[in-house]
Amino acid sequence: MSVLSDLLALQKTDIAISQARHRLAHLPQIAVNAQAVISLANVKKQIEVATSRQNQAQIEIAQLEIETHKLGATAERLKKQLRTVIAIREIEALQHEISNCEVSRGLLDDKELELMELVDALASEIVSLSENEKVESNHLSESRDELVSSQTAIRHEIQELDEHRSA
């Protein structure tokens with residue numbers, strides 16, 4: 001009977017080892033850690049998109065400033081030319097062109113103002129997302145530590161069971 005009881009003890013140890021390996025492979029902390037990785041990646045992607053949009057808006061603002069400057073220079077040139085013209089039709093045409101330049105310049109200024117507001121909003125969003133990134137990073141670190149701790153405990157249990165089995 002002693003051989004059978006030894007075999008039963010060996011079988012119970014093998015079952016305990018299999019169960020521990022199964023627990024190791026299916027720890028809930030694995031899913032929590034994976035979700036934390038995904039959340040952090042999503043926040044980083046949102047920061048990247050917001051930063052890209054902000055940079056694009058700043059480039060557009062710079063281009064609008066150049067266009068506005070060109071329109072201002074054109075309007076000034078036309079105003080100087082207006083002083084030397086004596087024909088009424090030419091005066092009316094120059095005044096119309098000057099008026100068009102001023103209207104275009106006003107539209108560009110409005111668009112530039114909208115873009116500046118967008119840049120400010122994106123800057124606020126980036127700050128908020130950066131804070132969220134820190135929170136998610138801490139959450140990831142905590143979940144990783146918890147996962148490693150659980151895995152270490154189970155591996156230690158498996159090692160003890162293997163030693164007991166060998167004995």
Side-chain angles (χ1 to χ4, degrees), residues 19-158:
Q19 289 174 338
R21 285 187 178 143
H22 179 77
R23 280 194 335 248
L24 181 64
H26 296 90
L27 280 171
Q29 290 88 346
I30 293 172
V32 170
N33 188 60
Q35 184 59 42
V37 168
I38 291 169
S39 295
L40 182 60
N42 286 340
V43 170
K44 286 184 178 185
K45 182 66 176 173
Q46 290 173 345
I47 290 172
E48 181 181 317
V49 168
T51 303
S52 174
R53 287 179 57 206
Q54 185 183 38
N55 290 340
Q56 185 61 35
Q58 289 172 335
I59 290 170
E60 287 181 45
I61 288 171
Q63 291 171 341
L64 288 173
E65 286 175 352
I66 291 170
E67 289 178 40
T68 301
H69 182 67
K70 286 180 182 177
L71 283 173
T74 301
E76 287 301 315
R77 182 183 51 80
L78 291 173
K79 285 177 185 176
K80 286 180 184 176
Q81 187 177 349
L82 183 64
R83 293 182 192 138
T84 61
V85 175
I86 53 174
I88 294 195
R89 291 203 176 203
E90 285 184 49
I91 291 173
E92 289 175 351
L94 287 173
Q95 286 175 336
H96 182 71
E97 286 183 47
I98 292 170
S99 175
N100 286 343
C101 285
E102 295 299 326
V103 168
S104 297
R105 190 173 178 186
L107 293 174
L108 290 177
D109 286 342
D110 291 344
K111 187 172 181 180
E112 185 177 348
L113 187 59
E114 289 175 13
L115 287 171
M116 285 179 175
E117 290 172 357
L118 176 64
V119 167
D120 288 343
L122 288 170
S124 297
E125 182 180 343
I126 290 169
V127 167
S128 174
L129 287 170
S130 294
E131 291 171 5
N132 195 12
E133 179 185 24
K134 290 176 187 174
V135 169
E136 292 297 330
S137 181
N138 288 338
H139 183 264
L140 175 62
S141 178
E142 290 170 3
S143 69
R144 187 175 295 137
D145 291 345
E146 190 175 321
L147 175 62
V148 168
S149 173
S150 297
Q151 287 175 332
T152 303
I154 293 174
R155 286 186 181 123
H156 182 66
E157 180 183 342
I158 291 171

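Because the structure is a prediction, the values reported are computed rather than measured.
Residues that satisfy the salt bridge (charged side-chain N to carboxylate O under 4.0 Å, His left out) test with Glu131, not counting sequence neighbours, are absent from this structure. The side chain to side chain donor-acceptor pair (under 3.5 Å) test applied to Arg21 returns no partner, not counting sequence neighbours. Remark: Thr51 pairs with Ile47, Asn55, Ile126 by the side-chain contact (heavy atoms from CB on, under 4.5 Å) rule, at least two apart or across chains. Looking at residues two or more places apart in sequence or on another chain, you find a side-chain contact (heavy atoms from CB on, under 4.5 Å) between Ala36 and His139, Leu140, Ser143. Under the side chain to side chain donor-acceptor pair (under 3.5 Å) criterion, Ser150 pairs with Gln29, not counting sequence neighbours. With sequence neighbours excluded, the residues satisfying side-chain contact (heavy atoms from CB on, under 4.5 Å) with Leu82 are Ile91, Leu94, Gln95, Ile98. Considering only residues two or more places apart in sequence or on other chains, Glu114 meets the side chain to side chain donor-acceptor pair (under 3.5 Å) condition with none of them. Taking Arg155 as the reference, nothing meets the salt bridge (charged side-chain N to carboxylate O under 4.0 Å, His left out) condition, with sequence neighbours excluded.
Remark: Ser124 OG to Asp120 CG distance equals 7.0 Å, nearest 0.5 Å. The line from CG of Leu40 to CG of Asn132 is 9.5 Å long, rounded to the nearest 0.5 Å. Distance check, rounded to the nearest 0.5 Å: CD1 of Ile61 to CG of Leu118 gives 8.0 Å. Separating the CD1 atom in Ile154 from the CZ atom in Arg23 is a distance of 5.0 Å, to the nearest 0.5 Å. Atom CD of Glu133 is separated from atom OG of Ser128 by 11.5 Å, given to the nearest 0.5 angstrom. Distance check: Leu115 CG to Leu122 CG gives 10.0 Å after rounding to the nearest 0.5 Å.
Leu108 approaches Leu64 most closely through the heavy-atom pair CD2-CD2, 3.4 Å. Of all heavy-atom pairs between Ala57 and Val119, the closest is CB-CG2, 3.6 Å.
Between Asp145 and Ser141, the closest side-chain pair of non-hydrogen atoms falls below 4.5 Å.
Judged as a salt bridge (charged side-chain N to carboxylate O under 4.0 Å, His left out), the pairs with a partner in residues 42-65 (not counting sequence neighbours) are, in order, Lys45-Glu48. Sorted by first then second residue, the side-chain hydrogen bond (donor to acceptor under 3.5 Å, both in side chains) pairs that include residues 96-105, not counting sequence neighbours, are His96-Asn100. Among residues at least two apart or in separate chains, ring-ring contact (aromatic ring centres under 6.0 Å, His included) pairs with a member in residues 20-49 are His22-His26. Sequence neighbours left out, not one pair with a member in residues 68-94 passes side-chain hydrogen bond (donor to acceptor under 3.5 Å, both in side chains).
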One pair to check against side chain to side chain contact (heavy atoms under 4.5 Å, CB included): Val148 and Thr152. What are the steps and the verdict?
CA-CA 6 Å; Val148 168; Thr152 303; 4.0 Å; yes

Stepwise side chain to side chain contact (heavy atoms under 4.5 Å, CB included) check, Gln56 with Ser52:
CA-CA 6 Å; Gln56 185 61 35; Ser52 174; 5.6 Å; no

